[in-house]
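Notes follow once the structure below has been shown.
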Amino acid sequence: MNKTSFRRIKNDTYKLGLILLTIISTVPFLLILFFVIKNGIAVINWEFLTSLPKPIGENGGGIINGLIGTGILIIIATIIAIPIGIITGVYLAEYPNNLLSNSVRIVSEIFQGVPSIVVGIIAYFWLVKPMGHFSALSGSFALALILLPMIIKSTEEMVKLVPADIKEASLSLGVPYYRSILKVIIPASLSGILTGALTGIARISGETAPLLFTAFGDSFFNINIFKPISSLPLLIFNYSISPYQAWWAKAWGISFLIVIFILILNILTRILYKKI
Amino acid sequence: MINSILKIENLSASYDDKVIIQNINLEFQKNKITAIMGPSGCGKTTLLRCLNRMHELTPNAKVSGKILLESTNLNDNFMELNSTDPILVRRRIGMVFQRPNPFPNLTIYQNVLAGYLLNGIKLKKQEADEIVEKHLNLVALWDEVKDNLKKHGTFLSGGQQQRLCIARALAMEPDVLLLDEPTSALDPISTQRIEDLIVELQKTVTIIIVTHNVGQAGRVSDFVAFLYLGDLIEYGLTDTIFTNPKNLQTEKFLTGKIS
């Protein structure tokens, strides 16, 4: 065997190894997706999406309370986290090296690694206990705490990517600093900031642990944010630990809905990302 | 006859305690083109950025000395820039940067009007159209882009983008236009067009151009200032300095012995 063909065999072996390992690492994801779709799609119908759960023993019933609840929780969490996150992120990018920004950056990075159940406990002590009862608001607050560091990070990175001479161009036209930030820097990085926000929303839409002590769950139709509210992940949790087969099927159906929602968010993210 | 529009007295600038330029005294003539030339790192750009108070935006930057701009007020002849609101200074002294930097989120039309739009100055549609057409004509870009005004400025070629940036600066009707090596990122043909444009523009505005290209200084300028290691070595009429430099360093720079 000469040297060249030995090298070629070595190359091919490595390549084959890479392909095999890639397939192995993807297979579990594909299997999960397969089971979620297989078990979930059969459950989805109009009644499932638009009616309230029925008591045990009755057939049918749906998850409209969870859908509405998750919608409300995500919207409020987003409304809380996006402005604060963007403002903080812009500050970190604009003043990267002072005491405040260094501390905020460290805290925000540590917070990203805090288990979500701990965030739930924080929200419990800050909101649920003083208010005296569980509420959608406290659930949103917990989700906002998870979302916030993600938005801060992505905003900081995206604002840093805006070339310095774009800002200088604005300043050199006699545009005040605050207007340059609002009218030039943020618009120029907006698609990146939104990409980060969507990734964060996809993450919190499946969070269950922080909602256990906060939003708590509710089997009726509720849109009052000061009352306990249901959510899709909580329903999955409750249904899947129940002993009833009909409820397991519902848990699959909800899982399927969440996966589809995250898939849509991801596609949106990719479309936005191409614009950066 | 000397008609100064901008005077520098004992100007020194530093950042991080590193002195960049020291004790510069210069007068810029109205509606003339002054080139500031010198080797890389001699402080040309810093000097230019002091003039519209951009230097002070750099962290740890210091400026001392006086910069005087012809006053719009009839009682005074000159106003002190360091005691004037930098925003007003920058509206009277426009700037064009090394690399073309049109605003990526604005259209060509909006880019020309950027100084108005970003400052929140309201214009009537007709007024806005006139400003855009006039200034795109001034930079000889109107014919090339008049059908694409709604497209984003970043779609243009480098040379067109730079002319758009000049139009953007001119649209604010400044008295002085600072050009910081405006052609260093451009190809020779675009460079020539910009140089022709600069010569044309001196009718409407006083131009101060920084360049490390001796040829460019010779082609476009009426006056030339030679900076070396932060000192002003020589200043005078371009023709005089190019044919008969008094200083040895200037001669070395002009003949390419230092660069």
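We name chains A, B, ... by the order of the sequence lines, and we start the count at 1 in each one.
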- Query: More than 12 non-hydrogen atoms from neighbouring residues, nucleotides or ligands closer than 6.0 Å to NZ on Lys151(B), yes or no?
  - Reply: no
- Does a sphere of radius 6.0 Å around NE2 in His212(B) hold more than 12 heavy atoms from other residues, nucleotides or ligands, not counting ones at 6.0 Å or beyond? no
- Query: When you look at OH of Tyr116(B), are more than 12 heavy atoms from neighbouring residues, nucleotides or ligands closer to it than 6.0 Å?
  - Reply: yes
- Determine whether more than 12 heavy atoms belonging to other residues, nucleotides or ligands lie under 6.0 Å from atom CG of Asp16(B). yes
- Query: Where do Arg179(A) and Leu117(B) come nearest, in terms of heavy atoms and distance?
  - Reply: NH2-O, 4.4 Å
- Count the heavy atoms of every other residue, nucleotide or ligand shown that sit under 6.0 Å from CH2 of Trp126(A), and state whether that count exceeds 12. no
- Could you tell me whether the side chain of Asn101(B) reaches within less than 4.5 Å of the side chain of Pro163(A), counting heavy atoms only? no
- Do NZ/NE/NH1/NH2 and the carboxylate oxygens of Glu168(A) and Arg90(B) come within less than 4.0 Å? no
- Query: Would you say Phe155(B) has more than 12 foreign heavy atoms packed within less than 6.0 Å of its CZ?
  - Reply: no
- Query: Side chain, backbone, both or neither: which part of Arg99(B) has a heavy atom under 4.5 Å from chain A?
  - Reply: both
- What option among Ala169(B), Ala114(B), Gly120(B) has the most heavy-atom pairs under 4.5 Å with chain A? Gly120(B)
- Measure the spacing between CG of Asp165(A) and CE of Met95(B) and express it to the nearest 0.5 Å. 11.0 Å
- Item | Heavy-atom pair count under 4.5 Å with chain B, highest-scoring of Asn97(A), Leu182(A), Val184(A), Ile166(A) | Ile166(A)
- Message: Enumerate the salt bridge (Lys or Arg N to Asp or Glu O under 4.0 Å) contacts for residues 198-212 of chain B, please, sequence neighbours excluded, ordered by first and then second residue.
- Response: Glu200(B)-Lys203(B)
- Side chains of Leu118(B) and Lys183(A) in contact at under 4.5 Å (non-hydrogen atoms): yes
- Query: Considering all heavy atoms of both residues, which atom of Phe103(B) and which atom of Leu173(A) are nearest to each other, and what is their separation?
  - Reply: CE1-CD1, 4.0 Å
- Please state whether the side chain, the backbone, both or neither of Arg168(B) comes within less than 4.5 Å of a heavy atom of chain A. both
- Message: Measuring from atom OG of Ser172(A) to atom CG of Leu178(B), what distance do you get when rounded to the nearest 0.5 angstrom?
- Response: 9.0 Å
- Item | Part of Met172(B) within contact of chain A (heavy atom distance under 4.5 Å) | side chain
- Assess whether atom CG of Leu123(B) is packed by more than 12 heavy atoms of other residues, nucleotides or ligands within 6.0 Å. yes
- Message: Report which part of Pro86(B) has an atom under 4.5 Å of a heavy atom belonging to chain A: side chain, backbone, both, or neither.
- Response: neither
- Message: Is Leu106(B) in contact with chain A via its backbone, its side chain, both, or neither, using a 4.5 Å heavy-atom distance?
- Response: neither
- Item | Asn119(B) side chain near Pro176(A) side chain, heavy-atom distance below 4.5 Å | yes
- Message: Only pairs of heavy atoms separated by less than 4.5 Å count here; which of Leu190(A), Val175(A), Val162(A) has the most with chain B?
- Response: Val175(A)
